[in-house]
Amino acid sequence: MFFQRNHWRLWAAAFLIAVFLPLSSRFLHAQATVRSTITGTVTADQGQVKGFRVTAHDLTHMLWYVVFTKGGKYTVPQAMPGRYEISVLQDGYDSATEKIEVIPGQTQTVNIAVKKQPEKPTDVVYKTFEEMYPPGPGLDLLKKNCLGCHGPDAYNAMHLTEAGYRAGLRKMMHGPFNLGGIVPPLAHTPITKKEQDAMVQYLVAHFGPDSPNQRLKHDPYPVDEDVLSRAIYVEYDLTNVPQAPSITKSEKQAERSASETTSSIARESRLVADRQKTPDPKPYLHDPFIAKDDTIWYADPPTNAIVHLDPRNLDAGERWKFYPLPADAPGYVFPHGITLDSKGHLYWAEIWGGKVGELDPATGKIIRHETPTAGSILQLVTDQKDNVWYDDVHGDGLGKLDAQTRQISQFPTPTPDLGLYGMAVDPKGNIWSAGYTKSVVAKFDPITESFTEYPSPTPGSSARRIGVDSKGIVWFSEWSAGQIASIDPDSGKITEYKMPIRSRPYETWPDKRDNVWVSEDFNNSMVYFDTKTKKFTYYPLPQVWHGAGVPKVEIDADNTVWIGSRGVDHVVAVHFYPLGYTAESLPKP
């Protein structure tokens, strides 16, 4: 008996050691890691070093730290030990790259010299919006139907003939369409021949084949070194990326067969999109979502996958996990916005696939829910009852996946073709979405199943993304107008806030203190809006975004900020500490 009792104890002890030692050793390793400091001075052969970005790439742990200079000096605090490459990223300057080995517990000095790039000759004429777009009836119609989607810095690059602009307008109304989904953005909008003529004539007059090479003018960039020098970006290199999926002949045929049940416009558009489903050669991370365990989920459109990041894992190969779509999915569904329900199930929107995806991370099981009509689904949100709502950016309004019945209902907006671009749920359970095509914000009451529409006071402002603060105040971007705006749901009053320099606010998202973060792609910035002082503060992004569309913002429990990355030189998840590391916001890795 004595032997049996002790044998059981020995076996139990061995089991506990086998189960918990790997976890505890990883935890102890993370806690026991002695961190270091990198500091130094940045000098330039020309100009003043003011708020320059310094990047420290940790090659051992595949992390990037990005900080800002103050008075020419910089500091990277709490750096993990390992091999590093240090350089400066600043528009108009070339930087040397210094390689160092960071020793635990030491402060190491790395000074960097940058050189001013020579000015390049150019024929570009920079103009304000008013100079580029003179008033006229054609402009009024463009603001009503087109500028919200294209933006003000697009037509000037087209240089089309009258026939070219007519063909483009026809495609926006009737398809085939494959630029941002499978349904044309103006498929349900009546535009008379007279109105079409007015828009085309305006475009030819100001942006025809002989028009100058003109772009919107950039304003001087506001630099606050006192604020910038406290901030830290931490970027996680995306590693172990699976190969992008190929598209088989049978998959194309299946898509064609499925499209026969849709309208002729959607069917033609889906066939064109199907033929062009060649995934981008480079992955990117779109629309983060923070789980309850403080891990991060992203959509990776080019690889047709959902990816999961554990930011506390020090092993660069283990911190990422990929969930590719099943083999019977089309080759490229363009997974976009994502959300989680209370059970931990993850859902994603498909811009090209037109379905609502669902993943059970515990089992790896994936379901793609069919929607009642063909559309391009952009964003998802989970309400207080675990229902999952989606918006059709080009299609038929809002839809709901019922948490209990698992059935989908769909609700068309009163104004067609709003271009619903972003979603949020308010404390009362109302669903909000921003319509960028028509510059209208829509509120849907799930109890009465009725919409309330709030047109932007600025025509053509392109209402995009949307967020609700703790008081129920609704915030949204006005991308084309360079403004953000709020709606008081009790009074219906809309208040607009003009940004201090020409900007394109993409996402507008309240933080835990009811201030607002804005991702801004015209100046490659994160922008902080203090709702009490009404002050905007600009933080340059840690990389150069090559094109529009800085991804969605998510706020962590410690009030730090997560974004993804696309159109950048190195693909990363981005964690932003605007106040640096504090007692409330400690470094994760």
Side-chain angles (χ1 to χ4, degrees), residues 287 289 336-342 347 349 356 371-372 375 377-393 395-405 407-457 461-478 484-496 507-512 514-517 531 552-555:
D287 281 33
F289 195 91
H336 199 273
I338 55 179
T339 189
L340 287 169
D341 66 14
S342 64
Y347 301 82
V356 175
T371 57
I377 303 173
L378 185 129
Q379 195 66 42
L380 300 168
V381 67
T382 308
D383 68 15
Q384 292 89 338
K385 298 179 180 178
D386 249 9
N387 301 309
V388 176
W389 295 82
Y390 64 85
D391 61 356
D392 258 343
V393 63
D396 257 347
L398 296 176
K400 180 183 77 171
L401 173 61
D402 191 280
Q404 302 301 320
T405 67
Q407 299 298 307
I408 288 183
S409 305
Q410 204 155 282
F411 309 94
T413 54
T415 300
D417 299 328
L418 284 186
L420 298 178
Y421 200 103
M423 301 185 77
V425 57
D426 70 17
K428 297 179 181 178
N430 296 306
I431 308 301
W432 292 81
S433 190
Y436 80 139
T437 304
K438 301 295 179 66
S439 303
V440 172
V441 171
K443 180 186 80 171
F444 183 74
D445 184 333
I447 297 175
T448 62
E449 295 188 353
S450 62
F451 281 94
T452 303
E453 293 185 346
Y454 301 83
S456 167
S461 63
S462 185
R464 297 189 181 212
R465 299 296 191 171
I466 200 159
V468 180
D469 67 21
S470 66
K471 301 180 181 66
I473 301 299
V474 178
W475 294 87
F476 62 97
S477 300
E478 294 189 320
I484 67 172
S486 65
I487 301 175
D488 182 337
D490 293 331
S491 66
K493 180 183 178 182
I494 298 178
T495 305
E496 295 177 314
E507 164 87 311
T508 301
W509 197 251
D511 69 7
K512 306 298 183 185
D514 287 341
N515 296 311
V516 175
W517 281 101
T531 55
K552 188 182 186 306
V553 171
E554 282 288 308
I555 306 298

Inset, instruction - Dump the intermediate steps for side-chain contact (heavy atoms from CB on, under 4.5 Å) on F476 and W432, then the final yes or no. - result: CA-CA 10 Å; F476 62 97; W432 292 81; over 6 Å; no

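- At a cut-off of 3.5 Å, with distance as the only test, no side-chain donor of D511 or N515 sits close to an acceptor on the other residue.
- Side-chain contact between F289 and Y347 is absent, with no heavy atoms from C-beta onward closer than 4.5 Å.
- A salt bridge links K400 with D402: the closest approach of a Lys/Arg side-chain nitrogen to an acidic carboxylate oxygen falls below 4.0 angstrom.
- Counting only heavy atoms from C-beta outward, the side chains of I377 and V356 approach each other to under 4.5 Å.
- Taking the side chain as every heavy atom from C-beta outward, Q404 and K385 never approach each other to under 4.5 Å.
- By the 4.5 Å heavy-atom criterion applied to side chains, S456 and E496 are counted as neighbours.
- Shortest non-hydrogen contact noted between F451 and P412 is CE1-O, 3.3 Å.
- A salt bridge does not link D490 with K471: every distance from a Lys NZ or Arg NE/NH1/NH2 to an Asp or Glu carboxylate oxygen is 4.0 Å or more.
- Of all heavy-atom pairs spanning Y454 and G492, the tightest one is CE2-CA, 3.9 Å.
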Legend entry - Residues I487, V441; criterion side-chain contact (heavy atoms from CB on, under 4.5 Å); working and verdict: CA-CA 9 Å; I487 301 175; V441 171; 3.7 Å; yes

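- Distance CG/L380 to CD1/I338: 9.0 Å, rounded to 0.5 Å.
- Under the 3.5 Å distance criterion, the side-chain polar atoms of S461 are left unmatched by any main-chain donor or acceptor of S439.
- Contact of the E449 side chain with the F411 side chain is registered, since non-hydrogen atoms from C-beta on lie closer than 4.5 Å.
- Ring orientation note: the planes of Y421 and H336 are nearly perpendicular, at an angle over 60° on the 30°/60° scale.
- Between Q384 and G429, the closest heavy-atom pair is OE1-CA, 3.4 Å.
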Inset, instruction - List the steps, then state whether side-chain contact (heavy atoms from CB on, under 4.5 Å) holds for L418 with E453. - result: CA-CA 10 Å; L418 284 186; E453 293 185 346; 3.8 Å; yes

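- Scanning all heavy atoms of the two residues, the minimum distance from S470 to P427 falls at O-CG, 4.4 Å.
- Rounded to the nearest 0.5 angstrom, D383 CG and N387 CG are separated by 4.0 Å.
- Between I447 atom CD1 and K428 atom NZ the span is 10.5 Å, to the nearest 0.5 Å.
- Considering every non-hydrogen atom in both Q379 and M423, the closest pair reads O-SD, 3.5 Å.
- The line from OG1 of T437 to CG of L420 is 8.5 Å long, rounded to the nearest 0.5 Å.
- Residues T382 and L340 have side chains not in contact (no heavy-atom distance under 4.5 Å, counting atoms from C-beta outward).
- Proximity of N430 to P446: side-chain heavy atoms (C-beta onward) are separated by under 4.5 Å at one or more points.
- The two residues D391 and G422 have their closest heavy-atom pair at OD2-N, 3.0 Å.
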Legend entry - Verdict with supporting geometry, V393 and Y436, side-chain contact (heavy atoms from CB on, under 4.5 Å): CA-CA 9 Å; V393 63; Y436 80 139; 3.7 Å; yes

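- Taking OG of S433 as the start and CZ of R465 as the end, the distance is 10.0 Å to the nearest 0.5 Å.
- A distance of 7.5 Å separates CG of D445 from OG1 of T452, quoted to the nearest 0.5 Å.
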Legend entry - side-chain hydrogen bond (donor to acceptor under 3.5 Å, both in side chains) assessment of D514 paired with T531: CA-CA 7 Å; D514 287 341; T531 55; over 6 Å; no

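- A donor-acceptor pair under 3.5 Å is absent between the side-chain atoms of S486 and the main chain of V474, judged by distance alone.
- Considering L401, L398, I408 as possible partners of Y390, the one that fulfils the side chain to side chain contact (heavy atoms under 4.5 Å, CB included) test is I408.
- You'll find the side chain of V425 stays beyond 4.5 Å of the side chain of V468, heavy atoms only.
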